[in-house]
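Right, one structure below, let's go through it.
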Amino acid sequence: MGAMSVEVVRSPRRRKTVQAERRGRTVVVTLPAGMTRAEERHWVDTMVERLLRKERLQRLNGSQDLERRAQELNRRYFGGRLRWASIRYVRATRSRFASCTPEDRTIRVSERVADLPSWVRDYVLVHELAHLRIAGHTPAFWRLVERYPLTERARGFLLALGPDGPLG
């Protein structure tokens, strides 16, 4: 992404709100003039991190890689029969790598999954795609998921990541 600078603007008109926006290679953080230096440091770090995460999600979703991969896995393991309304990366949660809401046919994948090996990402997608057919984790559901040959290996990989959660 290149070098980034941060400019802090103390506004006498602001009382409580803090804002961050990108202007070229500079992130401008506007905050109340009455903040202490410690509060300023905290809010600058927090707002820069939020902005960078937001931009990363926009890049991940803008690339359409997730959609293309889901289409390929749908063809390969479900005969191309599955349909979804949306599939996108979302902010990381503590408890899930991904989730599917069959009622509105949406699939949400944690941004953490983007950093995992491709064969694990594929497993996560197959798991969520299977929920479009079967909502719960029934034996029939697992038979669908296990069409993906690296299911057991990928589940072990995800379990080894620790308590940050099973798939939903």
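These figures come from a predicted structure and were not determined experimentally.
- Legend: salt bridge (Lys or Arg N to Asp or Glu O under 4.0 Å) pairs involving residues 3-19, not counting sequence neighbours, sorted by first then second residue: R10-E40.
- Cluster membership for L51 and L31, using ILVMFWY side-chain heavy atoms within less than 4.5 angstrom, is shared.
- Side-chain contact between I134 and P102 is absent, with no heavy atoms from C-beta onward closer than 4.5 Å.
- Residues L161 and F97 form a side-chain contact, since some pair of their non-hydrogen atoms from C-beta on lies under 4.5 Å apart.
- Salt-bridge annotation for E72 and R69: absent, with no side-chain N of the basic residue lying under 4.0 Å from a carboxylate O of the acidic one.
- Environment of CD in E152: sparse, with no more than 12 heavy atoms of neighbouring residues, nucleotides or ligands closer than 6.0 Å.
- Using a cut-off of 4.0 Å between Lys/Arg side-chain N and Asp/Glu carboxylate O, D65 and R121 are scored as not salt-bridged.
- Ring geometry for Y77 against Y148 counts as perpendicular: the plane angle is over 60°, on a 0 to 90° scale with 30° as the lower cut.
- Hydrophobic clustering, with ILVMFWY side chains joined whenever heavy atoms are under 4.5 angstrom apart, groups L82 together with L73.
- The line from CD of E67 to CD1 of I107 is 9.0 Å long, rounded to the nearest 0.5 Å.
- Below 30°, between 30° and 60°, or above 60°: for H127 and H137 the angle between ring planes is between 30° and 60°, a tilted geometry.
- Side-chain atoms of E128 and I87, non-hydrogen and from C-beta on, never get closer than 4.5 Å to each other.
- No more than 12 heavy-atom neighbours from other residues, nucleotides or ligands sit within 6.0 angstrom of CZ on R91.
- Cluster membership check: L66 shares its hydrophobic cluster with F78, using side-chain heavy-atom separations under 4.5 Å among Ile, Leu, Val, Met, Phe, Trp and Tyr.
- When the side chains of ILVMFWY residues are joined at heavy-atom separations under 4.5 Å, either directly or via intervening members, V9 and V27 end up in two distinct hydrophobic clusters.
- Taking CG from L132 and OG1 from T106, the interatomic distance works out to 9.0 Å, rounded to the nearest 0.5 Å.
- Taking 4.5 Å as the limit, some side-chain heavy atom of T101 sits within range of a side-chain heavy atom of R108.
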